[in-house]
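Both ligands and their constituent atoms are indexed starting at 1 by order of listing.
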Amino acid sequence: MIQRDAHTISLWQDHAGGYNTINKADRGKTYDVIIAGGGITGITTAFLLQNAGRNCLVVEAANLGYGATGGTTAHLNTLLDVPYDTIQRNFGKEGARQIREATAEAIQLIKHHIDRFDIRCGFEYADAYMFAQTEREAAALKDIAEATLMAGADVSGVDKVPLPLGAKKAIKVTGQAKFSPLPYVQRLATAFEHIGGTILQQSRVTAVQDKETILVITTQGPFHCRQFVYATHIPPGVNLLHLRCVPYRSYVVAATLADNNYPEDLSYDMQQPFHYYRTQMVEGQRYLIVGGEDHQTGHQENTENCFRKLEAHVRELFNVEDIRYRWSAQYYEPADGIPYIGRLPGQTGEIYVATGFSGNGMVYGTVSALLLKRLLLGLHSDYIKLFDPSRIKPVAGFNTFVPHNADVVKQLASRLFPAEKLEQLAGLAPGEGKLVNYEGSKVALYKDEQGGLHAVDPVCTHLGCEVHWNQAEKSWDCPCHGARYSVDGQVLNAPAGKGLDPHDIK
Ligand code: FES
């Protein structure tokens, strides 16, 4: 089992061993490229660049697979969370075609690495099914099907889906796949080190200064490089991208079935929020993996209830023997529907970023690696403009952008002028956290199972919003840009770079 950024553990993280690095980081040398983040984006980017002759260092705050890559459901799809009719509206037919082409190329690259390094990660090609259960969904599915076909996918209408339910209308898209993400990332990391790359784990990047060379300050000391990449899911610090990416949490259960009737392909309903279904064999055991109940980070009071609703949905559809795993994970929804990959806005130096992957982190992480490799090597790519983080889309994404920023204002205001009576310390049960009024100040207070109190300042160190308690993951989550903290205030997720200040409790 490996460490993760939450209280729950994912199927993948439970089956992964810790990654032992091979090469030692050298503070005396100037690396060609330093990459922050040891998930699929960081490791794939590092491998591709090292393979192209660049000397790379990956700096990971915890361990490989600690964050988003360890919490994914690992659908490898060109049929994306943001449908092609939306992408077409925002980026035109050619943009939609390029997105389909780029994601298909990413799946091919993953398969190529699996074959080349003989990676045992249960990779299988699959079809994807999207299905409508109401007239309204059926009308929306018609538009999605047309745009998906126009983008170049192999789409067909079907009568049945591989799930025990009826559908009014359904489509099938071929050329998708599934795998276990952590064996893939860890083996690719080893391949990267075998060709001279270096990985530094348990080391958080705390500052990046663009000087003659780029100075990267980490918790294990300073390093120098010529080019730098944030592959940290969302970049830390304060950036335009934090206004363009909205953080969400999604809930997942992995179950064994009593009747062995596992759905082998990938399926998606069209509810709001939608459910996603697939099966994966892990160490000889087949698991049904179902996700859903998504909500904006820090906006759900009772996160345990999200698991309960998801479990009820799974039990209603399937003959469940046992729910073996349940975990939640974070993703960032880009304002106009596709990721931001390229130069970090507001920076003059060679500082790059990849973020805003929606729920398609495995494919978009790999798309990012392919594009970043070309960008950093100074090569042409047809995708540079499409994914440019500085692109301006004043109309596209307007609905997402405004409420989210309005929320930022509300959160800041509520810190200064609390509207609700604060809960009292006496109401706290073991294993529970709350914002309480303690000696005239607001305190984020957690009582552990032994009755010990952990108290931190609830003001997010990113831009000052007030954090909210996440009961299911036992973390303090910021509703503004998705930073998350442990009960002792340590950073679990960027964009915060600094932990919450601890309070002394006597
Ligand atoms: Fe931006 Fe908390 S994540 S204010």
Practice task
With 2.8 Å as the limit, jot down which protein N, O or S atoms are around atom 2 (Fe) of ligand 1.
Solution key: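 Those protein N, O or S atoms (cut-off: under 2.8 Å from atom 2 (Fe) of ligand 1) are C460 SG, C478 SG.
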Exercise for the section: Kindly write out the residues that satisfy side-chain contact (heavy atoms from CB on, under 4.5 Å) with S250, not counting sequence neighbours, or none if the list is empty. Expected result: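 S250 satisfies side-chain contact (heavy atoms from CB on, under 4.5 Å) with Y276, D294, Y331 once adjacent residues are dropped.
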Exercise for the section: List in chain and number order the residues that pass side-chain contact (heavy atoms from CB on, under 4.5 Å) with Q490, two or more places apart in sequence or in another chain; answer none if no residue qualifies. Expected result: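 Partners of Q490 by the side-chain contact (heavy atoms from CB on, under 4.5 Å) criterion, ordered by chain and then number, come out as S486.
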Exercise for the section: Please name all residues satisfying ring pair (Phe, Tyr, Trp, His ring centres under 6.0 Å) with H295, sequence neighbours left out, ordered by chain then number. Expected result: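 H295: ring pair (Phe, Tyr, Trp, His ring centres under 6.0 Å) contacts with Y251.
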Problem - Mutual orientation of the aromatic rings belonging to Y277 and H275 [parallel < 30°, tilted 30-60°, perpendicular > 60°] - result: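 Tilted.
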Exercise for the section: Describe, in one word, how the ring planes of F47 and H113 are oriented to each other, choosing from parallel (under 30°), tilted (30 to 60°) and perpendicular (over 60°). Expected result: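 Ring orientation of F47 relative to H113: perpendicular.
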Exercise for the section: Would you indicate whether C460 and C465 have their SG atoms under 2.5 Å apart? Expected result: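 No, C460 does not link to C465 through a disulfide.
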